[in-house]
Number of protein chains: 2
Amino acid sequence: MQPDQINNAWHTAAKCEECAIRSMVLFADLTKDDFDHIHHPIHELNFATGETLYNQGDKPEAIYTVRSGLVKLVSYLSDGSFRIVRILRQGDVVGLEALDEKPYLHHAVILETASFCRLPVSDIKALNESSPHLFKQLTARWQRVISDADTWLSKLTSGFAKQRVAHLLLYLARDCKTKQCYLPGREDMGALLAITTETASRVIAEFKRKGYIKLASPHQAMIDQEALNAIIQGDPEDSSVQNQR
Amino acid sequence: MQPDQINNAWHTAAKCEECAIRSMVLFADLTKDDFDHIHHPIHELNFATGETLYNQGDKPEAIYTVRSGLVKLVSYLSDGSFRIVRILRQGDVVGLEALDEKPYLHHAVILETASFCRLPVSDIKALNESSPHLFKQLTARWQRVISDADTWLSKLTSGFAKQRVAHLLLYLARDCKTKQCYLPGREDMGALLAITTETASRVIAEFKRKGYIKLASPHQAMIDQEALNAIIQGDPEDSSVQNQR
DNA sequence: CGGATCGTTGACAGGTATCAATGCTGGTGG
DNA sequence: CCACCAGCATTGATACCTGTCAACGATCCG
């Protein structure tokens, strides 16, 4: 993890204004005047797979926007098991709870090499006082988190294991033209869907055998959206007897 | 459902200032000046059990704060089944997505006779422009929704049916000194926990037989927190063989 | 090459869904 | 007032999905 610090606030601002994914990020519609209010340099951070952005309970001094890569938010339960409560990607904001001065609620672990912009909480707050632009974006982020959580809850935690996996793959491939998506490890998949590692493995193995998914690389899969949708609808064709719920 | 409209903005403001649960609601730390910016009257609404506050897809013109009662947010899936994604109570905000100009994402149905304050989106926005106070409260609400959703996800959707029910009852009874809580109908319980109506019924029936819960009224139960916690930990004593996960 | 990690597969038990039938309760109309 | 109905809760029998325990294969890396 090598912070790529830019030591000049003005440069930082200029950088934000030129950001390739600016339309997606928190500062999307700030004006040049707004940027003048950012007093600290914006840090750019790069992380490799498996590294940790922050841990649950850490003091929250910044929020992060995902510029690229994939991150999972992990929550440990009292019995030692863990659940993955969210997966974040380009344009998403990580650690929003920092704005509420609450310790981070999860462990944020990198799934695919990722880069972030680090936004100190103090800057966000100051900026919000001076400019109404940020509020709109923050609202949108919060909204997205919540509606994603709802989707998650309603689709990824009910039905048969096959259906959950199908939902997950389609979720991971959403608005991805190539129909290619990140394929989580089996343990993570279990933690995402509330199923066991073995069940996750069995389902993925079956999907592979039937050609519903094809590996592009160890953690990238091409998916057959139609077939997966059929699974979700409870397609009788998939060897087992009629299943629907 | 009988709107109890107050036709004078000033009165409204005075009312908010005197609100018994003001510390819990969105307008918690507005100043008198702030209230002057509210141009529309605040409606107070009362609903009986089973009534609908709004439907999924409705045009979002207001958000609501819960003054009393209990509300469920229901999401229907393509196959006709439904999931309850959240339960809201005093001090919670319903319909936050309205701030983002998105159609309501759920059906909001009253579980226990409830009263709301109706806050037009236009007012919220105007108020936020003129005063920084509201922002802090909004942040807190969003935060709470998200962290509740996480709890939900990690606790209420994994483990055995017994454990999920135990978690749910403790969740419903949280910070309730009397150890009494709302007891959902079995179908709702199923929709909350991703189990079937029959399984929910079996579990509740067993809990009643063992004295873990006692009915105070058809939809109110006294709960034995200790016993329920033991269930969650995978207590072997509960007739079945060792279960833990 | 050997070890570690991860994915796959098998056998089996047990939890839950499913289908079906029977109590229970509150409200309605005769 | 009581019979009756509709909706909800409960319970049983059975099939099957999934968790559990265990073994084996694949891959990566030192």
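No hydrogens, no waters, no symmetry mates; every other heavy atom, side chains included, goes into these values. So that the names make sense, note that chain A is the first sequence line, chain B the second, and so on, each numbered from 1. Since the structure is predicted, the reported quantities are computational estimates derived from the model, not experimental observations.
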Please report the distance, rounded to the nearest Å, between [atom1] in [X] and [atom2] in [N].
| X | N | atom1 | atom2 | value |
| --- | --- | --- | --- | --- |
| A:D188 | C:dC6 | CG | C1' | 12 Å |
| A:K162 | D:dT18 | NZ | C1' | 12 Å |
| A:R164 | C:dT16 | CZ | C1' | 12 Å |
| A:M189 | D:dG19 | CE | C1' | 18 Å |

Parallel under 30°, tilted from 30 to 60°, perpendicular over 60°: which one fits the rings of [X] and [Y]?
| X | Y | result |
| --- | --- | --- |
| B:W142 | A:W142 | parallel |
| A:F82 | A:Y76 | tilted |
| A:F116 | A:Y64 | perpendicular |

Q: Step through the shown structure and confirm whether more than 12 heavy atoms of other residues, nucleotides or ligands are within 6.0 Å of CD on B:Q180.
A: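 Atom CD in B:Q180 is packed in, count exceeds 12.
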
**Q.** Protein-to-nucleotide contact annotation, 5' to 3' order, nucleotides 4-14 of chain D [B base; S sugar-phosphate only; - none; under 4.0 Å, heavy atom]
**A.** -----SBBBB-

Q. Among pairs that include at least one residue of residues 82-96 of chain B, which meet side-chain hydrogen bond (donor to acceptor under 3.5 Å, both in side chains), considering only residues two or more places apart or in two chains?
A.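 As it turns out, the side-chain hydrogen bond (donor to acceptor under 3.5 Å, both in side chains) pairs with a partner in residues 82-96 of chain B, which skip direct neighbours, are A:D150-B:R86, A:T157-B:R83, A:S158-B:R83, B:R89-B:D175, B:D92-B:R144.
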
Q. Do A:H107 side-chain atoms and A:N55 backbone N/O form a donor-acceptor pair below 3.5 Å?
A.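 Side chain of A:H107 to backbone of A:N55: no pair is present.
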
